[in-house]
Every structure is written in structure tokens, then in C-alpha cells.
Participant: 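This is the structure I have questions about; it appears just below.
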Amino acid sequence: MAKMDRVAELLAEVQGSTTPSGFADRLVHVGRDAMNVTGVGLSLMSGAGPSAVVAATEGSAQLIEELQFSLGEGPCVDSVKSGRPVMHGDLALTATQLWPGFTAGALDAGVRAVFAFPLQVGAITLGALDFCRDAIGPLDDGDVQEAVALAAAATALLLHLQMGSQPGEVPVDLAGHLVDRAVVHQASGMIAVQIEADLADALTVLRARAFASGRPIVDVARDVVSRNLRFTRDDL
Amino acid sequence: MTSREVRIAQVFVQLADTMVGDFDVAELMLQLADACLELLEVDAAGLMLLDANGELRLVASAPDAMHDLEIFELQSDEGPSLDTIRTGRAVVNVDVVQATERWPRFTAQTLAAGLRSTHALPLRLRGDVIGAVNLFSKVEQRLSDGDIALGQALADVATIALLQQRASRDEWMLAEQLQVALNTRIVVEQAKGILAESSGLHPAETFHYLRTFARRTGQPLHSVAWQVIKGPLATRAVIPYESFPAES
């Protein structure tokens, strides 16, 4: 299995960039070079469908992302909907009926296989990481591990970008953005009710408070759960 | 058979009964944690899985209203569960008071939670270890060889369940299933927070109602949690109003 170390390594690697878009751009290129794929793309999704292409490697990946964005169908869309990886090692064979428009366009561009991994924090779905290749065949085990690590790193990045802080100004521990403690998720649920917004906004508000006060997010979350700290709509 | 043996047999039949069709893996894990409490006479039990990043993550715990989930969560760094996963061997009958040097943070948190003994059993899958069952007792407790074998049998049921949920055609399917099981846990925690804020209860206290609602309506736990998060399911439908704490 890919190790947490790998996620930290990936995040350290992309930290060198000073612009938010640079982070994501570096990440997709690292992914393309590390795996047996032709292209990597990162798209944001909302409930309504694909909402933005954050980054894509040159060539077929850009086309894949654009196709999904304009057609509203494809591996990224399905992966986000189901919360599961979507694997089509032979696109022509398995996806023609599933996504007629997308598959036709992708095949025209020389893409033969596509894979997508969701970027999720519980019920919060941020988007998906797409991989494409110009030859058929499954992702091997090592590539799956790398893809999972990339997805974890991309999730941390997106949470960071969502917070709207200035990466160039403050040294940011991106690995600290991988939140998986129960108390953080409980606090997010409570804050969502307090600020009358969704969980993604609630998590952003919680992270922003932790960031601004220089405290670990787990500590701030504990204050929320013990009802020593409340948020209001004004905090949004 | 003694009444305990009869009870053990009943629990295994009940577990086997749960594992049919498209069953709710989260609920099964909770039943396993409950079974550990009952059959091994421990005070707390947690099932943990290694996620795709090699981090140890809690997927189910008992009792339902447990507050100190931290004693499980911090074991990505140190503790009996990490040790059992590294070695593939059971770590049993540990008096936490004697373990300060071995696991300083774990020991401090565990004692603060009022727990004294701990045991960890590996979740084994074809030579790999994919997680651990971690047990705690408030008193100094020694499990007999029979108890340890029983605990391991329960751990094996958890592993089988993870594989059974969907036939594992490829390696990535297992990675995916683990990821989905872990994500389900997060969704449940988020729903607990929403229920807590709307009812005035502590998040830990809301879990009992969430689980009862899922059972009563025959729905998977994660699906009920989603409905709480996405809106259609009102807090009062899950938690009866008379269970709300009085306004302070």
C-alpha cells in the first residue's frame, strides 16, 4: 500500500510553487511522470456537475477534462457521483454506451483507457482526479497506490485553496490538511447547522479559524463539540 | 453446552445471517464490536483498518456512545493496534500502567479515559494484515486462550465481511472497499454533528438514534447518514423530541 509518507512527499514536492494554480499544475505533472499514463487532470465538481478544470497536463488530458465539462458525462462525473474509483482499461469496449459523447470524443483524440479517483472527505465531494492513457490495459497495483496518494494530496490542496489563504505568504503544512479525526467531522456537522451552510463551507470555516488562531484543527473542533465555541452566518 | 457457548453460537449465526446480499458493512462492523463487548467482557472495542495511505483508521467502535475515540485514532503513531499490524501477532493482556515507556501518548490517553487493560488482534488476509481489533477493559484483565481464539474468530469474520461485500476481482477492489468503508465512517461522524447541533445532545449520544433509525427502517447506516446531511431527514424523525435535553 502507498504510504502516508508518499502523500507528504507529493505535498512537499508541489509546495515549491507560489501560486495556488501552480500547486495543482505541479501535482498533475508529478502524477503523469510517476505513473504509466499519458495524461492527468484535476476537476472540481458541484452537485450540478463539473464546475471547473483546475489543472490538466498538456494534450489529451486537457481534452478529456474539456469533454467532461461540456458534456457533463465521463469518468470524473461518475466517480464523484458514486464516491468510488471508475476504471475503464478499455474505453471502446466498456464505455461506449455509458458515455456515448465522451467516449467518441476521447477515442478520436487517441485515448484508449481512463481512470478516475474521487476527492472526498465524507459527504463532502470536491472533485476527481482523472488519468488517461493512449494504450489499453488496467492500472497496475503500484499505479493504483500512486493514484490514491495523489488523490489524498489533491484533496489536501483543494481544502487549502478553498480556505483562501495566501500560500506564497505563509509557510503552510499541507499535510496538516488531511483531516480524518472523528471530532473534526462532528464539529463540521455542528457548524453546518450553525452557519446554515453545507459541510464543505463548515469545514472551511473550521479550518480558517484553526489557521488564524494558530491552533491544531482538532483542538478547535473539540471546543465546538464541547459547545465552548459557536459560529454564525457572519463567519462564512 | 453452557449458556455462554450457546450465546457464542447465536452471535456467529446472527453475523452469518447479516452477511447476505448487498449488506451494510458498517452495521456488521458495529455488530462485531458489540459482540466483543458481550462475549469477551471488555468495556470498549474498536475495529481499525489501514487506509490506502498506510494510516490506521477507526471504522467501528462500541459502546455506541463512546466519547474517547482518540484512543483508537492516535494509534497510527503508537499503540497495541499498530504493533499487532506490524508483527501480525496478537498483543494481549497489556496492563496499560506498565506501558508508559512503550507507548507514552497512548498510555496517557487510555488512562485518562478510565481504561486499564488492552488487547489487539490482527485482521489477517492472505498473509497481509489489513487492520486490527482493539479491546479495552476498565480493570486489569487477562484473556484466556479460549477468549483470544474467540476474539480472533470475530476478527476473521470482519475480514471475510470486507471481502464478501463485493467479490474482489482485482487488488484495487480491496483498496476501494477499504476506502469506501472509511469514508462511510466520516459521513456518519458528520451526520452525528448535525444531529447534535439540532438536538442539543453530544455527538456521541446521537449515534444510538442514528443506528436505531437505520435498523428500524431497514436502511444501511451510511444511507441514513446521507439523508441527515442532505436534508430530507429531519432531526426529529431520528431523535424523538422527548430525548432532547431540556433547554439550559
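Here the structure is a predicted model, which means the values were calculated and not measured. Proteins come first, then strands; the chains are lettered A, B, ... in the order of their sequence lines, and each starts at number 1.
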Participant: For A:A123, is it the side chain, the backbone, both or neither that has a heavy atom under 4.5 Å from a heavy atom of chain B?
Facilitator: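 Answer is both: backbone and side chain atoms of A:A123 are under 4.5 Å from chain B.
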Participant: Step through the shown structure and confirm whether more than 12 heavy atoms of other residues, nucleotides or ligands are within 6.0 Å of CZ on B:R215.
Facilitator: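 Yes.
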Participant: Please determine, among A:A202, A:P118, A:G122, A:A192, the option with the most heavy-atom pairs under 4.5 Å with chain B.
Facilitator: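 Of A:A202, A:P118, A:G122, A:A192, A:G122 has the most heavy-atom pairs under 4.5 Å with chain B.
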Participant: Check the pair B:V187 / A:Q120 against side chain to side chain contact (heavy atoms under 4.5 Å, CB included), numbers first and verdict last.
Facilitator: CA-CA 10 Å; B:V187 174; A:Q120 271 184 310; over 6 Å; no
Participant: Between B:E197 and A:Q194, do the side chains contain an N or O donor and an N or O acceptor separated by less than 3.5 Å?
Facilitator: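 Yes, because at least one side-chain N or O of B:E197 sits under 3.5 Å from a partner of the opposite role on A:Q194.
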Participant: Mind checking whether A:R222 and B:E70 have side chains closer than 4.5 Å, heavy atoms only?
Facilitator: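 Sidechains of B:E70 and A:R222: in contact.
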Participant: Could you measure the distance from the CD1 atom of B:I186 to the CG atom of A:L199? Nearest 0.5 Å is fine.
Facilitator: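 Reported to 0.5 Å precision, the distance equals 11.5 Å.
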Participant: Quick check: closest heavy atoms across A:R227 and B:A196, and the distance to 0.1 Å?
Facilitator: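 Heavy atoms only, the tightest pair is NH2-O, 2.7 Å.
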Participant: Under a 4.5 Å heavy-atom cutoff, which of B:A204, B:G200, B:A225 has the most pairs with chain A?
Facilitator: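 Top count of heavy-atom pairs under 4.5 Å with chain A: B:G200.
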Participant: Can you tell if the side chain of B:H202 reaches within under 4.5 Å of the side chain of A:V225, non-hydrogen atoms only?
Facilitator: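 A side-chain contact exists here, since the closest heavy-atom pair is under 4.5 Å.
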Participant: Measuring from A:H185:NE2 to B:I194:CD1, what's the distance to the nearest 0.5 Å?
Facilitator: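 Here the rounded value is 13.0 Å.
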Participant: Got a salt bridge between B:E189 and A:R181, using NZ or NE/NH1/NH2 to carboxylate O under 4.0 Å?
Facilitator: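 Salt bridge flag = no for A:R181 with B:E189.
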